[in-house]
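A short worksheet on the structure shown next.
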Amino acid sequence: MSQILPFTEANTKRVSSLFRQALRTAFDHSLKFDLYRAQTINIRSQFEAHKHVSNPEELEGLIKATEAKLKEWKHPDPYIPPCRPGGTKYQRNIPVAREPLVPGDW
C-alpha cells in the first residue's frame with residue numbers, strides 16, 4: 001500500500017469528499033434545521049481539530065476511522081431531491097417521442 005502524503009491535492013479532495021458525505025449523512029438524520037445546524041457545527045469542529053495532521057500513518061488512520069463512522073451512520077432511506085434520479089418527480093413529464101408511435105406504413 002502506498003503512503004498518502006499530507007497536504008496534496010488528492011488528499012485534499014479525499015478529505016473534502018468525506019466532509020460532504022458527513023454533512024449529507026447528518027442531513028438525512030435530521031428532521032429539523034436547528035438540529036442539523038448543530039450537527040454541522042460539530043462535524044466542522046471535528047474536521048478542524050485534525051486540520052494540521054502531517055503524519056501519513058495518523059492521517060490514513062483518521063481517514064479510515066471517518067469512512068467507518070460514515071458507513072455505520074449511513075441512513076437506510078436517504079433524502080433524494082425530487083428532480084434528481086431516484087426522486088419522486090424524476091422524468092415525470094418526459095418529452096413526446098418524435099418518431100411514429102405505431103411502426104409500419106399506413
Side-chain angles (χ1 to χ4, degrees):
M1 181 165 85
S2 66
Q3 270 191 338
I4 293 207
L5 298 175
F7 311 119
T8 61
E9 184 179 353
N11 185 45
T12 302
K13 287 182 179 181
R14 190 174 178 195
V15 172
S16 298
S17 174
L18 288 173
F19 182 69
R20 285 190 305 273
Q21 288 176 23
L23 292 179
R24 285 189 201 111
T25 302
F27 183 75
D28 289 340
H29 284 279
S30 300
L31 297 176
K32 299 187 182 233
F33 182 76
D34 55 339
L35 297 176
Y36 170 67
R37 180 69 179 140
Q39 285 296 322
T40 59
I41 292 170
N42 184 19
I43 291 168
R44 178 69 185 250
S45 68
Q46 289 178 23
F47 274 82
E48 289 286 331
H50 302 291
K51 182 166 72 170
H52 299 292
V53 172
S54 60
N55 183 0
E57 291 85 19
E58 185 180 356
L59 180 64
E60 186 64 29
L62 286 170
I63 289 174
K64 294 292 182 189
T66 304
E67 289 172 345
K69 196 172 191 179
L70 285 172
K71 191 174 185 181
E72 175 189 346
W73 280 92
K74 184 175 179 174
H75 198 278
D77 188 20
Y79 174 75
I80 301 173
C83 294
R84 292 289 181 120
T88 56
K89 290 174 64 176
Y90 182 66
Q91 288 189 342
R92 183 176 286 179
N93 297 319
I94 56 176
V96 178
R98 298 279 183 223
E99 64 272 351
L101 296 178
V102 178
D105 210 9
W106 297 90

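- The hydrophobic clustering, which links ILVMFWY residues whose side-chain heavy atoms are closer than 4.5 Å, places Ile41 and Phe33 apart.
- In terms of heavy atoms, Ile43 sits closest to Ala26 at CD1-CB, 3.8 Å.
- With a 4.5 Å cut-off on side-chain heavy atoms, Trp73 and Asp28 do not count as touching.
- Residues meeting the salt bridge (Lys or Arg N to Asp or Glu O under 4.0 Å) test with Arg37, sequence neighbours left out: none.
- Residues Tyr36 and His29 form no side-chain contact, since every pair of their non-hydrogen atoms from C-beta on lies 4.5 Å or further apart.
- Rounding to the nearest 0.5 Å gives a distance of 7.5 Å between OG1 of Thr40 and CZ of Phe19.
- Side-chain N/O atoms of Ser17 and Gln21 include a donor and acceptor closer than 3.5 Å.
- Taking a cutoff of 4.0 Å between a charged side-chain nitrogen and a carboxylate oxygen, Glu67 and Lys71 do not qualify as a salt bridge.
- Nearest heavy-atom pair across Glu57 and Asn55 is OE1-OD1, 2.5 Å.
- A salt bridge between Glu72 and Lys69 is absent, with no side-chain N of the basic residue lying under 4.0 Å from a carboxylate O of the acidic one.
- In this view, Pro81 and Tyr79, Arg84 satisfy the side chain to side chain contact (heavy atoms under 4.5 Å, CB included) rule, not counting sequence neighbours.
- Residues Asn11 and Ile63 have side chains in contact (heavy-atom distance under 4.5 Å, counting atoms from C-beta outward).
- Taking OG1 of Thr66 as the start and NZ of Lys64 as the end, the distance is 11.0 Å to the nearest 0.5 Å.
- Heavy atoms from other residues, nucleotides or ligands lying under 6.0 Å from CD of Glu9 number 12 at most.
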